[in-house]
Q: 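Here it is: the structure, laid out below.
These numbers come from the heavy atoms of this one structure, side chains and all, not from hydrogens, waters or symmetry mates. First listed ligand is number 1; within each ligand, the first listed atom is number 1.
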Amino acid sequence: MGIVVQKYGGTSVGSLEKIRFVANKVASRYREGHDVAVVVSAMAGETDRLIRLAKDLSPTPDPREMDVLVSTGEQVSIALLAMALKDLGIPARSLLGFQIGIKTDDAFMKARILDIDTQVLRKIFEAKEVAVVAGFQGITEDMEITTLGRGGSDTSAVALAAVLGADVCEIYTDVDGVYTCDPNIYDKARRLDKISYDEMLEMASLGAKVLQTRSVEFAKKYNVPILVKSTFSDEGGTLTTQEDADMEKEVVSGITHDRNEAKITILGVQDKPGVAAMIFTPLAENNINVDMIIQNVSADGKLADLSFTVSKSDYERALAIVKGIADRLGCRDVVGDTSVAKLSIVGVGMRSHAGVASKMFSALSSVGINIQMISTSEIKISCVIDEKFIELGVRVLHDAFELDKSRGEA
Ligand code: ASP
Ligand code: MG
């Protein structure tokens with residue numbers, strides 16, 4: 001009998017009835033004779049509620065106190081699930097991050113896991129108890145409570161699976177897997193049975209909300225396959241795992257979109273060494289993540305226009321910082337646009353197929369969608385477009401790459 005690591009998201013433990021349902025699922029795995037560790041998120045909506053409380057109280061809530069606050073959501077759900085398990089006659093123990101030594105760095109609200117001490121968990125397994133672990137949280141060397149960023153319970157679960165040597169990390173959620181595009185946007189979306197770590201990494205960071213990006217990085221690094229399944233149905237599921245030959249047959253595996261993008265353009269920037277550093281260093285120092293960057297140098301080579309994107313939540317801050325620098329550098333103007341979105345295609349098959357970009361651009365132009373920015377990696381192409389065309393863009397690309405047909409058929 002092996003070690004089973006399961007994670008249940010907020011919607012799966014969103015009510016007492018659902019917690020009882022989850023307890024039964026966990027109980028049946030336990031009764032099969034496995035050592036079971038269950039990672040749980042806060043009850044649906046609870047983390048949002050706590051964040052709202054803080055923001056209503058203070059315009060700039062202290063990050064340390066934020067983590068003390070938001071980590072309480074998981075404390076509630078683990079206690080309730082452990083109680084429900086005990087009612088079923090299953091010995092269970094709820095555990096906060098610090099109790100099982102989930103050590104992190106001290107970046108409050110987006111901490112990284114450094115180490116997990118498996119001793120406590122091993123003892124719990126020896127005592128034949130189910131470990132019900134709070135996701136999303138950890139502890140620093142100085143005993144400060146940290147959280148791992150929104151959606152961080154996925155990462156807690158994958159990290160646990162890695163250190164415990166589980167064969168797979170099971171992630172239970174309100175969808176039955178990863179789809180070729182958001183099924184709410186296009187009914188032709190198809191569930192993928194299997195996807196590579198690299199593809200999932202791109203999809204997660206490009207806006208597919210099924211898994212936290214960090215969890216996929218972790219899974220890839222330690223080669224822990226992730227099985228995403230619906231809590232409430234035994235059907236379906238998507239396995240994120242090592243790449244195999246089948247995966248390369250398909251040029252594009254999925255289409256993602258992300259509305260959380262805003263564009264800032266600096267006009268008339270001097271084209272000389274050091275200017276880009278002067279613009280982007282203060283953004284980095286203020287913890288603002290820059291996504292795409294493009295620079296166009298004018299024909300005479302003296303001035304350039306520089307555009308980049310940030311998340312909508314960072315937009316106001318980024319704009320203020322950039323305006324200050326642009327003034328000092330004597331740039332012509334700074335303009336911003338929050339009505340943009342990013343549309344991307346992802347697939348490991350792109351490495352070995354030509355003409356993927358041109359097909360994407362033709363498909364978008366066929367419905368009159370203008371491309372504002374482009375960025376590529378080995379296995380993805382992203383375009384920034386007007387936000388109001390994003391759903392149309394998803395559908396057009398889904399048709400162009402025939403994603404309704406399954407892998408190998410194309
Ligand atoms: N409760 C946290 C959140 O809502 C962590 C998680 O659900 O994974 O972001
Ligand atoms: Mg989640």
Side-chain angles (χ1 to χ4, degrees), residues 5-15 18-19 22 26 37-55 61 63-82 94-98 100 102 104-105 107-113 116 131-139 145-162 169-175 178 200-201 203-205 207-219 224 226-232 240 258 260 289 311-313:
V5 175
Q6 301 188 324
K7 179 246 163 177
Y8 291 92
T11 48
S12 304
V13 293
S15 67
K18 287 179 176 172
I19 289 175
V22 166
V26 173
V38 191
V39 175
V40 188
S41 293
M43 293 172 78
E46 178 62 7
T47 309
D48 288 334
R49 187 185 74 86
L50 294 167
I51 292 172
R52 255 193 328 269
L53 272 181
K55 295 215 163 133
R64 178 194 181 274
E65 305 309 334
M66 272 307 268
D67 278 356
V68 174
L69 176 71
V70 297
S71 60
T72 60
E74 275 71 14
Q75 180 159 354
V76 172
S77 52
I78 55 169
L80 292 173
L81 180 58
S94 65
L95 298 148
L96 292 167
F98 80 88
I100 56 160
I102 301 185
T104 72
D105 62 17
F108 294 112
M109 299 169 71
K110 50 175 167 231
R112 290 180 161 250
I113 296 178
I116 300 180
V132 184
V133 177
F136 181 50
Q137 58 177 258
I139 188 99
I145 292 171
T146 52
T147 64
L148 311 178
R150 296 309 305 270
S153 300
D154 295 335
T155 302
S156 311
V158 173
L160 265 192
C169 178
E170 303 170 9
I171 303 249
Y172 290 94
T173 179
D174 53 356
V175 293
V178 179
M200 194 61 230
L201 205 53
M203 303 246 299
S205 56
K209 297 196 177 60
V210 188
L211 289 172
Q212 196 197 33
T213 309
R214 284 276 297 136
S215 73
V216 188
E217 279 171 20
F218 231 100
V224 182
I226 305 177
L227 180 63
V228 174
K229 286 194 77 167
S230 159
T231 304
F232 304 103
T240 301
D258 191 354
N260 185 20
N289 259 328
S311 68
K312 282 195 167 88
S313 53

Q: So is Asp154 polar-close to ligand 1, meaning N/O to N/O under 3.5 Å?
A: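 Looking only at distances, the answer is no, because the N/O contact criterion of under 3.5 Å is not met.
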
Q: Any idea which atoms of ligand 1 are less than 4.0 Å away from a heavy-atom of Thr47?
A: 1 (N), 2 (C), 3 (C), 4 (O)

Q: When you measure from the side chain of Thr104 to the backbone N and O of Ile113, does any donor-acceptor pair fall under 3.5 Å?
A: no

Q: With heavy-atom distances below 4.5 Å as the criterion, would you say the side chains of Arg112 and Arg214 are in contact?
A: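 Heavy-atom side-chain distance check passes, below 4.5 Å.
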
Q: Does Gly9 come within less than 4.0 Å of ligand 1, judged by its heavy atoms?
A: no

Q: With only distance considered, is Phe136 within less than 3.5 Å of ligand 1 through an N or O on each side?
A: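 No - when backbone and side-chain N and O of Phe136 are compared with those of ligand 1, no distance drops under 3.5 Å.
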
Q: Has the side chain of Gln212 got a donor or acceptor atom that lies under 3.5 Å from a matching backbone atom of Asp154?
A: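 No, because the side chain of Gln212 does not come within donor-acceptor range (under 3.5 Å) of the backbone of Asp154.
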
Q: Compare every heavy atom of Met43 with every heavy atom of Val13, then report the nearest pair and how far apart it is.
A: O-CG, 3.1 Å

Q: Using a 4.5 Å cut-off on heavy atoms from C-beta on, say whether the side chain of Phe136 contacts that of Thr47.
A: yes

Q: Does at least one non-hydrogen atom of Glu74 fall below 4.0 angstrom from an atom of ligand 1?
A: yes

Q: Check ligand 1 against Gly151 and write out every atom of the ligand that is under 4.0 Å from a heavy-atom position of the residue.
A: 3 (C), 5 (C), 6 (C), 8 (O), 9 (O)

Q: Using a strict cut-off of 4.0 Å, indicate which atoms of ligand 1 neighbour a heavy atom of Arg150.
A: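 Ligand 1 atoms under the 4.0 Å threshold to Arg150: 3 (C), 4 (O), 9 (O).
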
Q: Where is the tightest heavy-atom contact between Val158 and Ser215, given as atom of each residue plus distance?
A: CG1-O, 3.6 Å

Q: Mind checking whether Ser41 has an N or O less than 3.5 Å away from an N or O of ligand 1?
A: yes

Q: Assess, by modelled atom type and distance only, whether the side chains of Thr147 and Asp67 contain a donor and an acceptor separated by less than 3.5 Å.
A: yes

Q: Check contact between Gly10 and ligand 1, using heavy atoms of the residue and a distance below 4.0 angstrom.
A: no

